[in-house]
Amino acid sequence: MIRRAAVAGRFYPGSREALEAELRSVVPEQRGRLRAKALIVPHAGYAYSGRVAAATYASIELPRRFVLLCPNHVGLGAPISIVSHGEWETPLGLVRVDGELANLLKSKSLLVQECPDAHRGEHALEVQIPFLQYMLGQEFSFVPISVGTRRYESLCELGESLAESLREAGEDVVMVASSDMNHFETAEKTEAKDRLAIEAVLELDTHRLQEVVQRYDISMCGYGPAVAVIEAARRLGARRAELVQYTHSGRITGDDSSVVGYAGMVIC
């Protein structure tokens, strides 16, 4: 089964030539050497958040296996939806779903359900793949997970299952939580709210992240994926996190009256 590109030509260029040119313009030539367990990466159109996403990926040693978690914007499928077979298409070619790792994760948690419907039109995971293709070619595989629940206990259980699965897999695997930050408030309010959420992530404190998101009404769409990967990374020995880059859409459009925040973070 091939999952066809759903947002090529909208969130990122629709042709190979234009996409490669776009990626050349945003991916740093100098690559980092951080050994990461997880990343938090934005998922807006490349014109808005592409540089933040590219800088985040470029800051680490990229493995050949990934678990990509995104929020469920489309409203279809199970609360936690996985795909365990097939290939995904972008203008740069096809990438294989890591069936072995996906099936291992399904065996660890009853919450994780096979459900392609949640992924067919979802942009938040698809936009991550061209960055990896540009940096790694086709020599990588990934597990796609759509997270449609914000229930804290379920997210922590997902994180525990991820940690067990990655430990049992016995290879380097990086988890990627796809998330934008606060949405559609002034730049001043968005920066203040995002600072609170970012500080919680940098402390690897999921309880605090839950608290500030709820108390201050922070519309961080990938809150669920972030909690899951932080929980998993901590169980796998992560002790610190770094903010790679932060920006908001107003710095691109020139309009600070209603912006979306974008942060790239590395968990080591």
Side-chain angles (χ1 to χ4, degrees), residues 6-7 10-12 22 26 38-57 59 68-76 79 118 121-128 131 146-152 154-155 176-231 241-267:
V7 297
R10 293 193 288 138
F11 280 76
Y12 60 87
E22 177 82 6
V26 298
L39 306 176
I40 297 177
V41 184
H43 57 237
Y46 284 11
Y48 297 99
S49 66
R51 290 189 183 278
V52 175
T56 307
Y57 284 115
S59 70
L68 305 180
L69 299 92
C70 70
N72 186 333
H73 292 96
V74 299
L76 300 175
E122 178 60 60
H123 71 276
L125 197 150
E126 179 183 325
V127 299
Q128 308 300 336
F131 292 105
S146 171
V147 180
T149 179
R150 295 174 72 87
R151 184 173 179 271
Y152 182 75
S154 297
L155 298 171
V176 179
S178 177
S179 181
D180 294 339
M181 302 301 290
N182 194 60
H183 289 60
F184 308 135
E185 294 190 272
T186 65
E188 182 180 9
K189 287 184 178 179
T190 289
E191 289 177 2
K193 288 186 174 185
D194 286 347
R195 192 175 303 115
L196 294 171
I198 289 167
E199 287 172 355
V201 173
L202 297 183
E203 293 176 5
L204 303 180
D205 189 337
T206 56
H207 287 287
R208 184 178 175 198
L209 180 58
Q210 178 199 36
E211 179 186 7
V212 298
V213 164
Q214 292 180 348
R215 178 183 296 182
Y216 298 101
D217 192 25
I218 302 172
S219 52
M220 177 183 180
C221 55
Y223 156 81
V227 168
V229 303
I230 294 168
E231 180 69 23
E242 297 182 12
L243 176 65
V244 177
Q245 200 171 111
Y246 175 82
T247 192
H248 60 71
S249 59
R251 296 176 184 171
I252 304 299
T253 66
D255 179 5
D256 284 349
S257 66
S258 180
V259 308
V260 180
Y262 311 115
M265 290 173 273
V266 176
I267 300 171

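Note: hydrogens, waters and symmetry copies are ignored here, and every other heavy atom, side chains too, is used. If you're wondering where the values come from, they're calculated on a predicted model, not measured in any experiment.
- Residues that satisfy the side chain to side chain donor-acceptor pair (under 3.5 Å) test with R195, not counting sequence neighbours, are absent from this structure.
- The salt bridge (Lys or Arg N to Asp or Glu O under 4.0 Å) search around E185 returns K193, not counting sequence neighbours.
- Legend: residues meeting side chain to side chain donor-acceptor pair (under 3.5 Å) with T247, ordered by chain and number and at least two apart, are absent.
- E242 pairs by the side chain to side chain contact (heavy atoms under 4.5 Å, CB included) definition with L34, R240, not counting sequence neighbours.
- The structure places CG of L202 at 9.0 Å from CD1 of I230, a figure rounded to the nearest 0.5 Å.
- Here Q128 pairs with Y57, S178 under the side chain to side chain donor-acceptor pair (under 3.5 Å) rule; sequence neighbours left out.
- The NE2 atom of H73 sits 4.0 Å away from the NE2 atom of H43 when rounded to the nearest 0.5 Å.
- Proximity of a side-chain donor or acceptor of S49 to a complementary backbone N or O of A44 within less than 3.5 Å is detected.
- Rounded to the nearest 0.5 Å, atoms CD1 (I218) and NZ (K189) are 13.5 Å apart.
- A ring-ring contact (aromatic ring centres under 6.0 Å, His included) check over residues 193-218, counting only residues at least two apart or in different chains, returns the pairs Y152-H207.
- A177 pairs by the side chain to side chain contact (heavy atoms under 4.5 Å, CB included) definition with I40, P225, V229, not counting sequence neighbours.
- Under the side chain to side chain contact (heavy atoms under 4.5 Å, CB included) criterion, V74 pairs with N72, L76, E122, sequence neighbours left out.
- Applying the ring-ring contact (aromatic ring centres under 6.0 Å, His included) test to pairs two or more places apart or on separate chains, none has a residue in residues 242-262.
- By the side chain to side chain donor-acceptor pair (under 3.5 Å) test, S219 is found to be paired with N182, residues two or more places apart in sequence or in another chain being considered.
- Identified under the salt bridge (Lys or Arg N to Asp or Glu O under 4.0 Å) test for residues 198-212, with sequence neighbours left out: E199-R208, E203-R208, E211-R215.
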Residue pair M181, I198: steps toward the side chain to side chain contact (heavy atoms under 4.5 Å, CB included) verdict: CA-CA 9 Å; M181 302 301 290; I198 289 167; 3.9 Å; yes

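- Ring centers of F131 and Y46: under 6.0 Å apart, within the cut-off.
- The distance from the CG atom of L204 to the CD1 atom of I267 is 6.0 Å, given to the nearest 0.5 Å.
- Remark: S258 engages F184 in a side chain to side chain contact (heavy atoms under 4.5 Å, CB included) (not counting sequence neighbours).
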